[in-house]
There are 2 protein chains.
Amino acid sequence: MKRGRPTIEQVAALAGVSRGTASRVVNDEPYVSAAARAAVLKAVRELGYVPNQAARSLVTRTHETVALVVSGEADDPRLSEDPFFAEVIVGINAVLAETDLELMLMLGANERARTRLLRRLRSGQLDGVMLLALPGADPLCRLAEESGAPTVYGGRTMDGEPRYFVDADNRGGARKAVEHLLVQGRQRIVTITGPVDNEVTHARLSGCLDALGGGADPVVMHADFLESGGYQAMQSLLHAHPDLDAVFAQSDNMAAGALRALREAGRRVPDDVAVVGFDDLPWARHTAPPLTTVNQPIRAMGSEMARMLVALLGGGEPTSLILPTRLVLRESA
Amino acid sequence: MKRGRPTIEQVAALAGVSRGTASRVVNDEPYVSAAARAAVLKAVRELGYVPNQAARSLVTRTHETVALVVSGEADDPRLSEDPFFAEVIVGINAVLAETDLELMLMLGANERARTRLLRRLRSGQLDGVMLLALPGADPLCRLAEESGAPTVYGGRTMDGEPRYFVDADNRGGARKAVEHLLVQGRQRIVTITGPVDNEVTHARLSGCLDALGGGADPVVMHADFLESGGYQAMQSLLHAHPDLDAVFAQSDNMAAGALRALREAGRRVPDDVAVVGFDDLPWARHTAPPLTTVNQPIRAMGSEMARMLVALLGGGEPTSLILPTRLVLRESA
DNA sequence: GTCGTCTCTGGGAGCGCTTCCAAAGTTAGG
DNA sequence: CCTAACTTTGGAAGCGCTCCCAGAGACGAC
């Protein structure tokens, strides 16, 4: 008789009411007498009843599930070399935990992953999507939006501003960093950037140029946001511009690489060369010397993305957000 | 007529076959004529049909979804201060991408999170669970198993060995690390551990004792796996045992903290004091001096967990795995 | 007493799919 | 030509749930 998990029918039978009434109680709807409600609740408890989500989804067409899609290669070193990804998730989770939404995670931007996302989206299993755009432009963005599901972006893309997004004030942060170097009286400031096709690279470069004004041609070296890239870029820069006295690295990882190259080259930081990073990763306070860097509220970005999506799901019209960044002064500059 | 997404009924109608036949084609079952198959496939393509997963789940009771549950506080610093978590996910994702399984992520071990997991599990929405146990013991483990869903563990728990797990050879790695210090002729080796109630702490401590043999009382200081904890522990140890000449820190983060404390105390590494860490995090090669540490294949752990779960789902009987760790020699020891 | 109005309940319909069964068609063996 | 397989098909049943509607009471106003 009691094969498998109990159904609402069994709950109703035990409570001595109809299926409809039991359903009303379970979904906390009005128009149920106190007596009936109590009886159903009791039956639910006794049977250990948990509604079957698939059956519910079939009729309500909601799924209590949203996805975080991280485009970019599944083995992108940024995924693990920096805690960005994990922090965003923690932020998202904090907000979702307050709701009944569950988080589905989808990594990778290859054809196969894209197909699966779309399938999942269209097979109706996702109520909404958060897109974390690591690389520059990505067709995925369009795909998600075309499917009609509410979509929120983390960061902006190279091809225009999405309808709903959360971003850090990369430009403002970079400006503050370089202004600080300027105020310190640094004369020959060089910049190490991320990949050229990356929106973040552009934003941070813009901020850098904002600070530099229309002065002499700024020295810019493109790298890859990673430690090794920063290291190599710094070596090249030292070679090409031996008289440089300050470096603005667009990521802490690259700043760490620059620090290493400077150390090996015998330059003292900050006496000979000042170094500023960007991100304020947890270990930035522990480099030698401690790294002056631009803090961006990564966890908050995650939370705000989630909040925005929840609002969208609730029929709201959230406004996109640019979260403030701030310069954290330590000893490297 | 074509309101909303197409159903299999519409596909069948367009192909001129019955719903049953269409279903057979979609699920790639035998006993369908070539002509019928072609017609259905054509209709599927024309309509852009994607089966409704909820409806399918309702009858098949499978959901093509597994969960990664990370017990421990949702804002545990280990989640973001080290890339462990992200690496495991990348590893899992690599395997899952080859299947049709999707990944659901559940963080946090508080009452609420637990309830939700159970609900999701019992409401039939998860085909299996991977549990990543950050802290020592956790009732969650039992809960998941009781629900009857296939469960795979990452790491072992304090209360016995789970049925299916993947773990790193923490004990062996620690033994190798300390043996290396011994071989170098270090006389006064101290150990900085993780939290006492942690299985990893125990395993690595056992390995350390294995190497030390039954000699003099080993000097052990408990900390928290974090940089700051390592820093403080190192300061205390220097105070209590000024003559120490080697440190085995049970995590790279703590090793980094120890390095910082030693630098501030004016001790040279490795001349005065040798330092060995554990984890081989990406930045370990970039500390000053580069950190000798024990590498553990984190990504592989994720992959193996996923593989094991997939096997379980397929009715297999996988065997638990202890992945090898290896000592990576750099300059700090 | 009659008429609305509001509260509460039962039960049918149906979400989109798979699964089963019976029937029809096909083939080969005797 | 008949029988015993096998192949192929259509269609009914039903997964567990929500939604809707009709109807039964209860209650006050006229």
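If you measure from atom CD of A/Glu9 to atom C1' of D/dC15, you get 12 Å, rounded to the nearest angstrom. In this structure, B/Glu64 places its CD atom 11 Å from P of C/dT18, rounding to the nearest Å. Atom CD1 in A/Ile8 sits about 19 Å away from atom P in C/dC15, given to the nearest Å. Between the OH atom of A/Tyr49 and the C1' atom of D/dT18 there is a distance of 10 Å, given to the nearest Å. Distance A/Arg56 CZ to C/dG16 P: 18 Å, rounded to the nearest Å. Residue A/Asn52 contributes atom CG, which lies 14 Å from atom C1' of D/dG14 at whole-angstrom precision. Taking atom CD on A/Gln10 and atom P on D/dC15, their separation rounds to 11 Å, with Å as the unit.
Closest-nucleotide positions on DNA chain D for B/Arg61 and B/Ser33 were compared, and the one nearer the 5' end corresponds to B/Ser33. Both A/Ser23 and B/Tyr31 lie close to DNA chain D; mapped to their nearest nucleotides by heavy-atom distance, the more 5′-ward contact belongs to B/Tyr31.
Within 3.5 Å, no donor on the side chain of B/Arg5 pairs with an acceptor on the base of C/dG16, nor the reverse. Contact annotation: side chain of B/Arg24 to base of D/dT8, donor-acceptor pair absent below 3.5 Å.
The residue A/Glu29 sits close only to the backbone: its heavy atoms come under 4.0 Å of sugar-phosphate atoms, none of a base. The residue B/Pro30 sits apart from the nucleic acid: no heavy atom pair falls under 4.0 Å. Across all strands, B/Ala36 comes closer than 4.0 Å only to sugar-phosphate atoms, never to a base (heavy-atom distances).
Within the 4.0 Å cut-off from OP1 or OP2 of C/dG11, not a single side-chain nitrogen or oxygen of A/Arg19 is found. Between A/Thr21 and C/dG10 there is a side-chain N or O to OP1 or OP2 distance below 4.0 Å. In this structure, A/Asn27 reaches the D/dT18 phosphate: one of its side-chain N or O atoms is under 4.0 Å from OP1 or OP2. Here B/Thr7 does not reach the OP1 or OP2 of C/dG16: none of its side-chain N or O atoms lies under 4.0 Å away.
To the nearest 0.5 Å, atoms OG1 (A/Thr319) and CD (A/Glu317) are separated by 9.5 Å. One distance of note links CE of A/Met130 with OG1 of A/Thr151; it measures 10.5 Å at 0.5 Å rounding.
Distance from the side chain of B/Leu58 is smallest for C/dG16 among the nucleotides D/dC17, C/dC17, C/dG16. Here the nucleotide nearest the side chain of A/Ser18, chosen from C/dG11, D/dC15, D/dC19, is C/dG11.
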Determine, step by step, whether A/Arg19 and A/Thr7 satisfy the side-chain hydrogen bond (donor to acceptor under 3.5 Å, both in side chains) criterion, reporting the C-alpha distance in whole Å, the side-chain angles of both residues, the deciding distance to 0.1 Å, and the verdict. CA-CA 10 Å; A/Arg19 204 176 52 241; A/Thr7 72; over 6 Å; no
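Under the 3.5 Å distance criterion, with hydrogens and angles disregarded, no donor-acceptor pair is assigned to the side chains of A/Arg56 and A/Ser23.
Ion pair B/Arg37/B/Asp28 flagged as a salt bridge, since at least one NZ, NE, NH1 or NH2 atom sits closer than 4.0 Å to an Asp/Glu carboxylate oxygen.
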